[in-house]
Amino acid sequence: MTEENTNPTHFIREAVAEDLASGRFEHIATRFPPEPNGYLHIGHARAIIIDFSIAQENGGFCNLRFDDTNPVKEEVEYVDAIKEDIKWLGYQWKNEFYASDYFDELYEYALQLIKAGKAYIDEQTPDEVRENRGTLKEPGTNSPYRDRPIEESLDLFERMKNGEYPDGSIVLRAKIDMASGNINMRDPIMYRILHEPAHHRTGNKWCIYPMYDFAHGQSDSIEGITHSLCSLEYESHRPLYDWFINELGIFPTRQIEFARLNLTYTVMSKRRLVRLVKEGYVKGWDDPRMPTLTAYRRRGYTPEAIRAFVEATGVAKKNSTADVGLLEHHIRQDLNIRAPRRMAVLDPLKVVITNYPEDKVEMLEAVNNPEDESAGTREIPFSRELYIERSDFMEDPPKKYFRLAPEREVRLRYGYFVTATDVVKNDAGEIVELHCEYDPETKGGYAPDGRKVRGTIHWVSAEEAVDAEVRIYDRLFTVPNPMSKEEGKDFIDYLNGDSLETKKRCKMEPSLKQARSGEKFQFERLGYFVVDPDTTNDKLIFNRTVTLRDNWARIEKQRAKEKMEENRRRKQEAKRKQKEAARKNN
RNA sequence: AGGGGCAUGGUGCAACGGUUAGCACACCGGCCUUUGAAGCCGUUGAUCUUGGUUCGAAUCCAGGUGCCCCUGCCA
């Protein structure tokens with residue numbers, strides 16, 4: 001061990017430790033093997049973290065290997081994005097490899113198996129291959145080409161490589177067992193012909209490509225990977241990988257499978273993510289509503305929070321879906337400690353302090369981060385005209401509402417105690433301005449006479465405020481599991497129409513003028529926010545990462561629910577009475 | 001005539017034949033508070049089922065039930 005490991009153990013860590021103890025392996029090596037055909041999402045984070053941390057904890061190494069055995073699906077653009085995301089998460093691979101690096105060796109392995117009578121060229125059509133594979137319940141039937149002479153297969157394979165055959169005409173198959181209960185063992189295809197397009201790394205050198213199943217295990221073996229950690233669906237492929245390793249007599253990697261990480265209120269499959277992007281339901285792979293790592297980065301998530309979240313979900317062989325609330329908990333936890341506090345008003349209501357001098361501007365001291373004394377303090381301007389949050393004033397407040405209301409006194413954070421005196425409305429009856437009086441004795445928010453106020457609200461000075469746009473994000477889907485198989489429903493039907501709200505007239509305290517892309521803040525009483533890369537010199541844009549926990553919102557929600565139930569009860573009662581009356585009349 | 005895997009509170013994990021079945025999130029209550037935040041304290045709430053082995057079973061065995069994966073020349 002090179003590193004003190006305080007993380008909870010799990011079956012993979014245990015298995016690796018046992019393999020070291022028993023001498024099955026003398027070193028530990030892992031790999032993270034993405035296919036470069038899409039962006040990494042939070043589900044991949046579990047795989048990345050397991051792969052790299054198992055290696056780290058045991059003084060071994062982890063390679064990055066792109067599984068690029070199918071040129072029709074893979075693109076270079078994804079390679080760089082994937083590398084960036086892994087680095088952002090905080091990991092460094094030892095070697096950057098590609099399955100295509102091993103095309104020569106793989107070809108030699110194929111030759112070796114043909115010569116041993118363990119592989120053959122099949123001339124059946126794709127349809128025939130499928131039909132003869134049998135079904136889940138019935139065994140397959142042998143190909144008529146299965147027992148052709150070795151020399152013939154050798155010759156055909158060579159010509160296949162040389163481009164003498166069109167796509168789909170012939171394939172190389174392993175000769176295993178067409179009656180196996182495990183369909184992967186029914187003479188799986190090893191090589192197929194793909195003349196187009198050119199491979200992103202090997203160009204036109206090859207027109208035959210190994211199947212994933214004939215590439216992955218051997219690639220691990222070539223790299224000396226001791227533990228090939230992968231997701232559950234490869235469990236039934238393990239016997240095949242072991243078969244290849246055994247027949248070829250190469251380094252025996254051990255594969256261990258674990259369950260993928262799923263999250264509520266989102267989708268995680270590449271296919272569906274592509275659809276969200278291509279059909280314009282989101283603005284791109286890095287749209288902060290997406291579950292991709294690049295989107296979380298833009299949304300203001302930190303790698304530390306994502307790692308803590310993934311560790312908290314553990315590792316098991318049971319398919320499960322983590323609550324997105326747990327992810328939110330971890331980003332709050334992280335940002336609470338590190339994010340400087342600022343005041344910002346998202347939905348401004350003008351306030352005039354009628355007894356405050358007209359041209360006076362005072363600088364008041366505010367704490368940057370109560371969780372971190374070293375963050376220091378800053379000064380914020382206070383003047384006669386301010387903005388407060390519209391939701392922080394109510395003309396006719398319900399019980400337990402602690403904020404501003406007519407004749408009620410509250411504290412302006414780091415400012416003064418103020419009392420609402422007048423409400424100014426427009427012709428439509430909407431509140432356009434509030435008049436308040438302040439108590440000059442309460443500067444900084446302290447009352448010398450010791451009197452208390454229930455509420456403390458945030459504010460910004462109108463004159464000095466900086467304008468900004470704030471993008472408010474909500475969950476992308478309206479249901480925890482958009483994949484639930486309700487009849488005739490598509491996951492698209494569960495999209496949340498209100499997942500993005502853009503507030504264009506927000507008012508920020510002046511210190512935010514200098515905020516740079518990627519900088520994170522807590523806007524007091526609102527949540528955590530990050531400067532979006534769309535920000536320019538004259539346009540400040542923030543993304544809301546996550547709200548603060550909000551007890552008041554919960555009380556309101558509960559109240560609304562109670563009201564709804566009350567209404568329903570009343571309606572039912574009315575209906576019942578109506579029926580009764582009708583019966584009496586009859 | 002299938003093969004493979006999985007089943008512990010609402011969610012996610014732990015308990016490795018002997019614990020009052022533990023932890024985190026959520027929930028609910030309380031304390032504290034110049035953020036209705038954070039922090040602190042506390043309360044609810046779980047071993048899929050039926051048998052078996054054992055002094056003793058969440059744990060081992062068998063049957064049942066339920067869920068997931070496998071019939072791409074995808075990975």
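Below, chain A is the first sequence line, B the second, and so on; all start at residue 1.
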K.L.:
A:K73 near the nucleic acid: base, sugar-phosphate alone, or nothing, with a heavy-atom cut-off under 4.0 Å?
P.N.:
base

K.L.:
Considering just the side-chain nitrogens and oxygens of A:R549, establish if one lies under 4.0 Å of OP1 or OP2 belonging to B:A38.
P.N.:
yes

K.L.:
Are A:R454 and B:U33 close enough that a side-chain N or O sits under 4.0 Å from OP1 or OP2?
P.N.:
no

K.L.:
Work out which heavy atom in A:H216 is nearest to a heavy atom in A:S228; give both atom names and the distance.
P.N.:
NE2-OG, 3.8 Å

K.L.:
For A:L232 and for A:Y446, locate the closest nucleotide of RNA chain B by heavy-atom distance; then report the residue assigned to the nucleotide nearer the 5' terminus.
P.N.:
A:L232

K.L.:
Output yes when at least one side-chain N/O atom of A:R411 is less than 4.0 Å from OP1 or OP2 of B:U35, else no.
P.N.:
no

K.L.:
So, does A:S320 get its side chain near the phosphate of B:C13, meaning an N or O under 4.0 Å from OP1 or OP2?
P.N.:
yes

K.L.:
Report yes if at least one side-chain N or O of A:Q333 is closer than 4.0 Å to OP1 or OP2 of B:G39; otherwise report no.
P.N.:
yes

K.L.:
Just to be sure I understand the rule, does A:M211 reach a base, reach only the sugar-phosphate, or reach nothing, if contact means heavy atoms closer than 4.0 Å?
P.N.:
sugar-phosphate

K.L.:
With a cut-off of under 6.0 Å to the ring centre and 45° to the axis, is A:R173 in cation-pi contact with A:Y120?
P.N.:
no

K.L.:
Output yes when A:E304 and A:K520 qualify as a salt bridge under the 4.0 Å nitrogen-oxygen rule, no when they do not.
P.N.:
no

K.L.:
Near A:R454 CZ, under 6.0 Å, is it more than 12 heavy atoms from other residues, nucleotides or ligands?
P.N.:
no

K.L.:
Verify the contact: side-chain N or O of A:R133 to OP1 or OP2 of B:G72, cut-off strictly under 4.0 Å; return yes or no.
P.N.:
yes

K.L.:
Using heavy atoms and a sub-4.0 Å distance, could you list which residues of residues 236-244 of chain A are near RNA chain B? By number, please.
P.N.:
A:H237

K.L.:
How would you label the contact of A:Q522 with the nucleic acid (heavy atoms, under 4.0 Å): base, sugar-phosphate, or nothing?
P.N.:
base

K.L.:
Would you say B:G36 has OP1 or OP2 under 4.0 Å from some side-chain N or O of A:K400?
P.N.:
no

K.L.:
Looking across every strand, which nucleic acid part, if any, lies under 4.0 Å from A:F523 by heavy atom: base, sugar-phosphate, or nothing?
P.N.:
nothing

K.L.:
Kindly say if A:T264 contacts the phosphate of B:U11, meaning a side-chain N or O under 4.0 Å from OP1 or OP2.
P.N.:
no

K.L.:
Check whether any side-chain nitrogen or oxygen of A:R192 sits under 4.0 Å from OP1 or OP2 of B:A75, and answer yes or no.
P.N.:
yes

K.L.:
Pick the nucleotide of RNA chain B nearest each of A:D167 and A:L326; which residue has the one closer to the 5' end?
P.N.:
A:L326

K.L.:
Heavy-atom distance under 4.5 Å between the side chains of A:E77 and A:P36, does that happen here?
P.N.:
no

K.L.:
Can you confirm whether more than 12 heavy atoms, excluding those of A:F11, are under 6.0 Å from its CZ atom?
P.N.:
yes

K.L.:
Is B:G10 paired to anything, Watson-Crick or G-U wobble with both distances less than 3.5 Å, and if yes, which nucleotide?
P.N.:
B:C25

K.L.:
Taking A:R525 first and then A:D550, would you say they form a salt bridge - that is, a charged N and a carboxylate O separated by under 4.0 Å?
P.N.:
no

K.L.:
Using a cut-off of strictly less than 4.0 Å, decide whether A:K137 has a side-chain nitrogen or oxygen near OP1 or OP2 of B:G3.
P.N.:
no

K.L.:
Report which part of the nucleic acid A:V453 touches: base, sugar-phosphate, or nothing (heavy-atom distance under 4.0 Å, all strands).
P.N.:
nothing

K.L.:
Please state whether the phosphate of B:U35, meaning OP1 or OP2, lies under 4.0 angstrom from any side-chain nitrogen or oxygen of A:H458.
P.N.:
no

K.L.:
Taking OP1 and OP2 of B:A37, is either one under 4.0 Å from a side-chain nitrogen or oxygen of A:N551?
P.N.:
yes

